[in-house]
Amino acid sequence: MYDSTSRPPLFPPARRRHALRTTAAGVALSAAVLTAGCGSPQDTAQDSGNTASSSEGFPLTIDNCGVKTTYDEPPSRVVTIHQHPAELMLTLGLEDRMVGTAFPDSPVLPELKKDYESIPQLAEKEPSFETVLEAEPDLVYGGYASAFAENEGRSRKAFADAGIDTHLNREYCGKKRVTMKDTYDEVRTTGRIFGVPDRADKLVSRLQKRVDKATAAVEGEPEAPVFVYDSGDKSAFTAGGKSLGTELIRLAGGENVFADLDDVFGDVSWEQVVERKPEVIAIYDYAGAGSVERKKKFLLSQPALKDVPAVKNKRFVVLPLTATLVGLRSAYAVEDLARGIHPESFE
């Protein structure tokens with residue numbers, strides 16, 4: 001677990017990435033609005049029982065990370081903070097509801113690029129509270145817990161006091177291990193909030209079929225040990241057992257060598273990496289963390305790692321950070337990992 005001590009400057013964004021990706025027990029729970037505490041990573045939804053609703057399925061009450069929001073109608077002016085909520089909304093055909101995006105992590109999926117670029121980008125990182133207000137949203141949809149960082153004036157309570165609803169990706173509700181079920185539930189919840197549950201169901205079906213096809217291709221293959229390299233030099237910042245990455249690796253016919261790390265992410269020593277002898281290294285790629293080539297060069301240049309099978313054989317699989325999160329791309333990541341772990345199954 002990262003202990004807040006400073007690191008040498010080779011990959012300085014690792015500390016910030018940990019702050020973004022750490023379980024919401026550290027960040028999301030700091031928001032004063034979560035007075036009830038974060039519950040299960042699964043949101044709950046219920047119709048409010050008003051037969052006079054102007055839209056089918058509304059009013060709708062969503063309990064999201066302990067914050068209950070009642071939607072009388074689908075939101076019509078949405079700001080997304082972080083890329084994965086934006087891509088999910090675009091895939092559901094909701095670009096006409098989006099008035100601002102922020103904090104792109106990776107190149108946008110090609111099929112979404114045109115629509116994504118048509119929406120104003122409010123900031124390269126998280127926008128200020130005032131910047132979000134200027135877009136006049138009725139909903140702010142955050143990907144990481146840091147979207148609603150209280151210490152930066154963007155708490156969910158602050159938005160509520162301004163008359164703006166908020167929704168946080170369930171990955172940061174702060175309990176249990178994150179799985180593909182969370183991805184499917186997030187898609188369905190988003191579909192309900194925006195009054196397009198049929199589109200959401202169809203998307204979930206497509207994503208499930210993509211995952212099933214990849215897992216079927218590697219069925220029966222021995223599980224290959226996989227090390228996730230996010231960043232770090234003196235120590236390695238890696239995916240732990242509670243991360244979605246661990247399940248993506250399992251579905252792809254591998255085993256996360258640090259699945260016993262009881263966190264979403266954390267630091268491990270290079271000695272531990274050597275001891276666990278990974279055969280494949282999954283490199284997470286995102287803006288500000290150093291290029292993939294730089295990360296590969298670093299791994300290949302370390303004498304202590306020269307006998308690690310993955311390094312010795314240069315077996316690297318590159319994943320955009322957005323593909324490892326609860327969102328649209330996690331299903332894509334299973335196939336990419338499967339091809340990298342068991343390439344012979346796809347010949």
Side-chain angles (χ1 to χ4, degrees), residues 13-14 16-24 78-92 94-95 98 100-117 119 121-127 141-147 167-172 178-180 182-187 190 203-204 206-207 210-211 214 228-231 237-239 243-249 251-252 264-265 282-292 295 316-340:
R16 173 165 177 78
R17 181 58 56 194
H18 181 270
L20 288 173
R21 299 201 55 170
T22 188
T23 55
V78 182
V79 166
T80 58
I81 301 179
H82 306 119
Q83 186 173 337
H84 44 304
E87 290 193 336
L88 175 54
M89 287 192 64
L90 290 173
T91 304
L92 290 173
L94 299 170
E95 60 274 6
M98 300 171 68
T101 65
F103 208 148
D105 265 320
S106 311
V108 178
L109 286 171
E111 61 268 30
L112 303 178
K113 188 173 185 292
K114 182 178 179 180
D115 286 335
Y116 185 86
E117 291 179 348
I119 302 162
Q121 181 176 305
L122 305 185
E124 292 185 359
K125 301 297 183 181
E126 290 95 348
Y141 185 178
Y144 301 116
S146 58
H167 186 81
L168 176 62
N169 185 298
R170 71 189 52 233
E171 185 165 0
Y172 292 90
V178 184
T179 69
M180 280 300 295
D182 291 299
T183 286
Y184 304 142
D185 287 346
E186 183 74 13
V187 173
T190 303
L203 176 56
V204 167
R206 294 203 306 271
L207 297 177
R210 181 182 286 268
V211 171
V228 172
Y229 181 51
D230 179 291
S231 52
F237 193 49
T238 191
S243 70
L244 180 58
T246 292
E247 171 147 307
L248 300 180
I249 291 168
L251 291 168
V264 176
F265 261 71
I283 297 177
Y284 285 1
D285 181 26
Y286 55 94
S291 70
V292 169
K295 290 182 179 182
F316 302 113
V317 181
V318 178
L319 294 176
L321 179 67
T322 46
T324 71
L325 307 171
V326 169
L328 169 71
R329 292 207 205 184
S330 51
Y332 293 59
V334 175
E335 180 180 352
D336 291 340
L337 279 166
R339 288 181 179 276

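Rounding to the nearest 0.5 Å places CD1 of Ile81 at 13.0 Å from CG of Asn169. Atom CG of Leu90 and atom CD1 of Ile119 lie 5.0 Å apart (nearest 0.5 Å). For the atom pair Leu251 CG and Thr246 OG1, the distance stands at 11.0 Å (nearest 0.5 Å). Distance OG1/Thr183 to CG/Leu248: 7.5 Å, rounded to 0.5 Å.
By the 4.5 Å heavy-atom criterion applied to side chains, Pro104 and Tyr116 are counted as neighbours. Between Met180 and Leu207 the shortest side-chain heavy-atom distance does not fall below 4.5 Å. Annotation: side chain of Val326 is not in contact with side chain of His84 (no heavy-atom distance under 4.5 Å). The closest side-chain heavy-atom distance from Leu112 to Leu328 is below 4.5 Å. Between Thr101 and Met89, the closest side-chain pair of non-hydrogen atoms is not below 4.5 Å. Annotation: side chain of Val78 is not in contact with side chain of Leu94 (no heavy-atom distance under 4.5 Å). Side-chain contact between Asp182 and Leu244 is absent, with no heavy atoms from C-beta onward closer than 4.5 Å.
Contact detail for Tyr284 and Lys295: the closest heavy-atom pair is O-NZ, 2.6 Å. When all heavy atoms are compared, the tightest approach of Ser330 to Leu325 is CB-O, 3.5 Å. Of all the heavy atoms in Leu88 and Tyr141, the pair that sits closest is CD2-OH, 3.7 Å. Between Pro127 and Ala102, the shortest heavy-atom contact is CD-CB, 3.5 Å. Nearest heavy atoms, Val204 versus Tyr184: CG2-O, 3.7 Å. Heavy-atom minimum distance, Ser243 versus Val264: CB-O, 3.2 Å.
Side-chain contact check for Glu87 and Thr322: no donor-acceptor pair (N or O, by modelled atom type) lies under 3.5 Å.
Within a 6.0 Å sphere centred on CD of Glu124, heavy atoms belonging to other residues, nucleotides or ligands number 12 at most.
Screening Asp105, Thr324, Asp230 for a side-chain hydrogen bond (donor to acceptor under 3.5 Å, both in side chains) involving Tyr286 leaves a single residue, Asp230.
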List the steps, then state whether side chain to side chain contact (heavy atoms under 4.5 Å, CB included) holds for Val178 with Glu247.
-> CA-CA 8 Å; Val178 184; Glu247 171 147 307; over 6 Å; no
What verdict does the side chain to side chain contact (heavy atoms under 4.5 Å, CB included) test give for Arg210 and Val334, after you've listed the backbone C-alpha separation in whole Å, the side-chain angles of each residue and the deciding distance to 0.1 Å?
CA-CA 8 Å; Arg210 181 182 286 268; Val334 175; over 6 Å; no
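Aromatic ring orientation, Tyr144 versus Phe103: perpendicular (interplanar angle above 60°, classes split at 30° and 60°).
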